[in-house]
Student: 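This is the structure I have questions about; it appears just below.
Bear in mind the structure is a predicted one, so any value in this text is a computation, not a measurement. Numbering of ligands and ligand atoms starts at 1, following listing order. The first residue in the sequence is number 1, and the count goes up from there.
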Amino acid sequence: MSIQTDNSTTVMMVNCTLNCSTTASRQSSGSGGNDNTIYILTTVIIAVGMVGIGATVYYKTLWEYIKKPKAFLLGVFMQLIIMPPLSWALTKIFQMPQAEALGVFIQGSCPGGTTSNIVVYWMDGIVDLSVAMTGTSTLLALGTMPLWLLIYQKGENLPHNLSIPFDRLAISLAALVIPIFVGMVIRANLAKYANIISKVFIALASIFILIMVIVNSVVSKIPWVVTWRQVVLAAIMPLIAYLIGYLVPFFPGLKLTHKAGRTISVETALQNAQIAAAVIQISFGKSRIIIAMLLFPLLYYVFQVGYSAIFAGIFITAKRRGWIKEDKEEQEEPANAGKAAAVEKSGEVRKTAVEKTKKDGIENPNFTKENDVAV
Ligand SMILES: C[C@H](CCC(=O)NCCS(=O)(=O)O)[C@H]1CC[C@H]2[C@@H]3CC[C@@H]4C[C@H](O)CC[C@]4(C)[C@H]3C[C@H](O)[C@]12C
Ligand code: NA
């Protein structure tokens with residue numbers, strides 16, 4: 001059994017090596033001349049958001065998470081090792097037709113979405129940890145994505161050579177790492193402005209990403225063919241990912257905090273939909289079967305952001321009403337140790353403020369507020 005396609009596409013796909021992937025993407029933009037503009041605009045907006053995210057990250061805290069890598073490796077493991085087989089299993093359970101199933105698997109084998117950093121910020125998770133996980137999973141995806149897709153191609157007997165858009169994966173990585181670095185430099189050197197910059201930039205990016213989702217979807221001339229299986233899978237896949245991402249950290253030996261669990265949960269569920277769309281467009285841009293695949297990343301993106309908004313809403317409300325109290329164990333998070341160390345080092349804050357920071361387990365943005373008050 002093979003994917004239904006026309007001969008010219010098969011020839012193109014077979015001949016298509018890594019080098020021609022850019023050409024293929026240019027050719028495929030016939031189906032939507034605005035695709036490159038859309039891509040560049042979206043990338044710039046995300047980069048702006050990532051400067052904001054970077055401005056909440058204190059380099060020492062980030063380093064603490066990388067030095068004690070239990071939580072951060074678990075997130076990367078969930079993202080790169082658990083999600084692909086999970087997506088495969090779901091396509092089997094729902095007996096998805098081959099082309100549609102491939103779209104789902106491509107989405108499942110993608111690295112963590114950069115949107116996770118923003119969601120973790122709204123959800124009062126550990127942004128530093130999220131940044132470490134997204135960065136690492138995007139970097140490692142340069143290797144794991146081709147590997148998973150190769151395994152899938154062999155296992156499912158697919159006739160095509162799937163093209164991995166290494167250039168776009170690299171751009172995705174750069175658009176993540178460089179702006180976060182810029183933001184971290186702001187935090188380290190202009191601590192007074194870091195708070196306002198992070199708030200404004202993250203808010204701007206959140207609003208503009210939403211606008212982009214709507215505008216992009218309308219402007220691109222993709223035929224809107226969606227099957228019920230795609231909708232069902234896009235609806236349950238992020239939900240299952242959220243659930244296992246939340247439960248796994250409670251595994252007896254792991255002893256991770258609720259906050260870390262929440263962060264890993266978001267990181268597991270939020271997949272990079274842009275990369276998935278790029279893999280599909282570059283590999284199948286000229287083929288009619290692209291219709292059966294391309295809308296899945298859009299659906300997945302809409303659902304993952306939708307769930308995130310709902311969970312963040314519930315969480316924030318529960319916290320405001322005092323239904324949720326962070327555990328005592330939260331104090332032992334390396335984040336707080338790092339922040340407390342930062343406070344001590346700055347020497348501008350009285351000992352009591354240090355104690356309070358430790359006690360409350362305050363996150364970075366608040367820490368500066370604390371700092372400002374105390375100075
Ligand atoms: C704006 C969104 C991602 C924003 C974001 O935050 N990106 C960071 C990476 S991450 O995804 O968070 O990890 C992206 C994610 C999926 C995209 C659709 C995919 C199908 C289709 C492809 C066509 O070429 C253009 C129109 C099209 C409908 C696309 C519109 C828009 O571009 C969408 C919604
Ligand atoms: Na992240």
Side-chain angles (χ1 to χ4, degrees), residues 24-50 52-53 79 83 103-104 106-122 130-131 133-135 137-138 141 145 165 168-177 179-180 202 204-226 230 234 238 241 266-285 290-309:
S25 75
R26 240 175 261 133
Q27 283 166 352
S28 74
S29 67
S31 62
N34 300 307
D35 275 2
N36 266 336
T37 323
I38 285 174
Y39 177 69
I40 293 165
L41 252 176
T42 312
T43 306
V44 169
I45 290 168
I46 290 152
V48 169
M50 289 307 122
I53 290 296
Q79 184 59 251
M83 285 307 283
V104 175
I106 288 171
Q107 182 61 84
S109 59
C110 277
T114 38
T115 309
S116 68
N117 299 350
I118 297 176
V119 170
V120 165
Y121 175 85
W122 291 127
S130 176
V131 163
M133 292 189 293
T134 311
S137 81
T138 310
M145 260 196 106
R168 293 211 167 182
L169 261 170
I171 291 171
S172 186
L173 189 62
L176 178 71
V177 172
I180 284 181
I202 293 169
L204 277 180
S206 307
I207 293 164
F208 276 101
I209 288 173
L210 202 65
I211 295 173
M212 286 303 281
V213 174
I214 298 163
V215 172
N216 289 358
S217 310
V218 174
V219 171
S220 74
K221 296 174 191 84
I222 296 168
W224 292 87
V225 184
V226 180
Q230 282 178 311
V266 176
E267 201 62 36
T268 308
L270 269 64
Q271 303 274 101
N272 193 317
Q274 262 195 327
I275 291 295
V279 172
I280 292 167
Q281 277 171 313
I282 291 164
S283 302
F284 301 99
I290 191 174
I291 297 166
M293 292 186 253
L294 190 55
L295 284 179
F296 191 74
L298 170 66
L299 285 175
Y300 194 91
Y301 191 79
V302 170
F303 275 105
Q304 71 183 2
V305 172
Y307 288 129
S308 301

Student: Just which atoms of ligand 1 are under 4.0 Å from any heavy atom in L298?
Tutor: 28 (C), 34 (C)
Student: Provide the closest heavy-atom pair for C110 versus I275 in the form atom of the first, atom of the second, distance.
Tutor: SG-CG2, 3.8 Å
Student: Tell me, which protein residue and heavy-atom name are nearest atom 20 (C) of ligand 1, and how many Å apart are they?
Tutor: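 For this ligand atom, the closest protein heavy atom is L294 O, 3.6 Å.
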Student: Is it the case that ligand 1 has an N or O less than 3.5 angstrom from some N or O of T114?
Tutor: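 Indeed, backbone or side chain, T114 has an N or O that close.
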Student: Which protein heavy atom lies closest to atom 24 (O) of ligand 1, and at what distance to 0.1 Å?
Tutor: Q281 NE2, 2.7 Å
Student: Nearest protein heavy-atom contact for atom 21 (C) of ligand 1: which residue, which atom, what distance?
Tutor: I222 CD1, 3.5 Å
Student: So, for atom 34 (C) of ligand 1, does the protein have a heavy atom nearer than 4.0 Å?
Tutor: yes
Student: Taking both backbone and side-chain atoms of T42, is any N or O found less than 3.5 Å from an N or O belonging to ligand 1?
Tutor: no
Student: Against V266, only a single residue in V120, N117, I118 fulfils side-chain contact (heavy atoms from CB on, under 4.5 Å); can you say which?
Tutor: V120
Student: Of V213, V119, I46, which has the heavy atom at the shortest distance from atom 1 (C) of ligand 1?
Tutor: V213
Student: Report the member of N272, V215, V305, I211 with the shortest heavy-atom distance to atom 10 (S) of ligand 1.
Tutor: N272
Student: Could you tell me whether a side-chain N or O of Q271 sits under 3.5 Å from a main-chain N or O of G112, the two making a donor and an acceptor?
Tutor: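 The answer is no, because no donor-acceptor pair under 3.5 Å joins these two groups.
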Student: Could you check atom 12 (O) of ligand 1 against the protein and tell me its nearest heavy-atom contact, residue, atom and distance included?
Tutor: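 For atom 12 (O) of ligand 1, the nearest protein heavy atom is T115 OG1, 2.5 Å.
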Student: State the atoms of ligand 1, each with its element, that fall below the 4.0 Å cut-off from a heavy-atom position in Q274.
Tutor: 3 (C), 7 (N), 8 (C), 9 (C), 11 (O)
Student: State whether any protein heavy atom lies less than 4.0 Å from atom 17 (C) of ligand 1.
Tutor: no
Student: For V302, enumerate each residue passing the side-chain contact (heavy atoms from CB on, under 4.5 Å) test, keeping only those at least two apart in sequence or located in another chain.
Tutor: V213, L298
Student: Who pairs with V305 by side-chain contact (heavy atoms from CB on, under 4.5 Å), at least two apart in sequence or on another chain?
Tutor: T115, Y301
Student: Which residue owns the protein heavy atom closest to atom 4 (C) of ligand 1, what's the atom, and how far is it?
Tutor: Y301 OH, 3.4 Å
Student: Quick check: does any side chain N or O of T134 sit under 3.5 Å from a backbone N or O of V131, one acting as donor and the other as acceptor?
Tutor: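 Flag not set: sc T134 to bb V131 has no pair under 3.5 Å.
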Student: Does any N or O atom in A273 lie less than 3.5 angstrom from one in ligand 1, N or O only?
Tutor: yes
Student: Looking only at non-hydrogen atoms, find the nearest pair between A273 and Q107 and report the distance.
Tutor: CA-OE1, 3.5 Å
Student: Establish, from distance only, whether the side-chain atoms of S137 and Q79 form a donor-acceptor pair under 3.5 Å.
Tutor: no
Student: What are the atoms of ligand 1, with element, lying closer than 4.0 Å to any heavy atom of G113?
Tutor: 13 (O)
Student: Any idea which atoms of ligand 1 are less than 4.0 Å away from a heavy-atom of A277?
Tutor: 19 (C)
Student: Can you name the closest pair of heavy atoms from T43 and A175 and give their distance?
Tutor: CG2-CB, 3.7 Å
Student: Please state which protein non-hydrogen atom is closest to atom 32 (O) of ligand 1 and give its distance, to 0.1 Å?
Tutor: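 Checking every protein heavy atom, the shortest distance to atom 32 (O) of ligand 1 gives N216 ND2, 3.0 Å.
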Student: Measuring from atom CG of L204 to atom CD1 of I45, what distance do you get when rounded to the nearest 0.5 angstrom?
Tutor: 10.0 Å
Student: Does the N or O separation between S217 and ligand 1 drop below 3.5 Å for any pair?
Tutor: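 In this structure, S217 places no N or O atom under 3.5 Å from an N or O of ligand 1.
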Student: So, does S116 use its side chain to make a donor-acceptor pair with the main chain of G113 at under 3.5 Å?
Tutor: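 Yes; judged by distance alone, with no hydrogens or angles, the pair exists.
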Student: Taking A292's backbone N and O only, do any of them form a donor-acceptor pair with Q230's side chain (distance below 3.5 Å, no angle check)?
Tutor: yes
Student: Around atom 26 (C) of ligand 1, find the nearest protein heavy atom and jot down its residue, atom name and distance.
Tutor: S220 OG, 3.4 Å
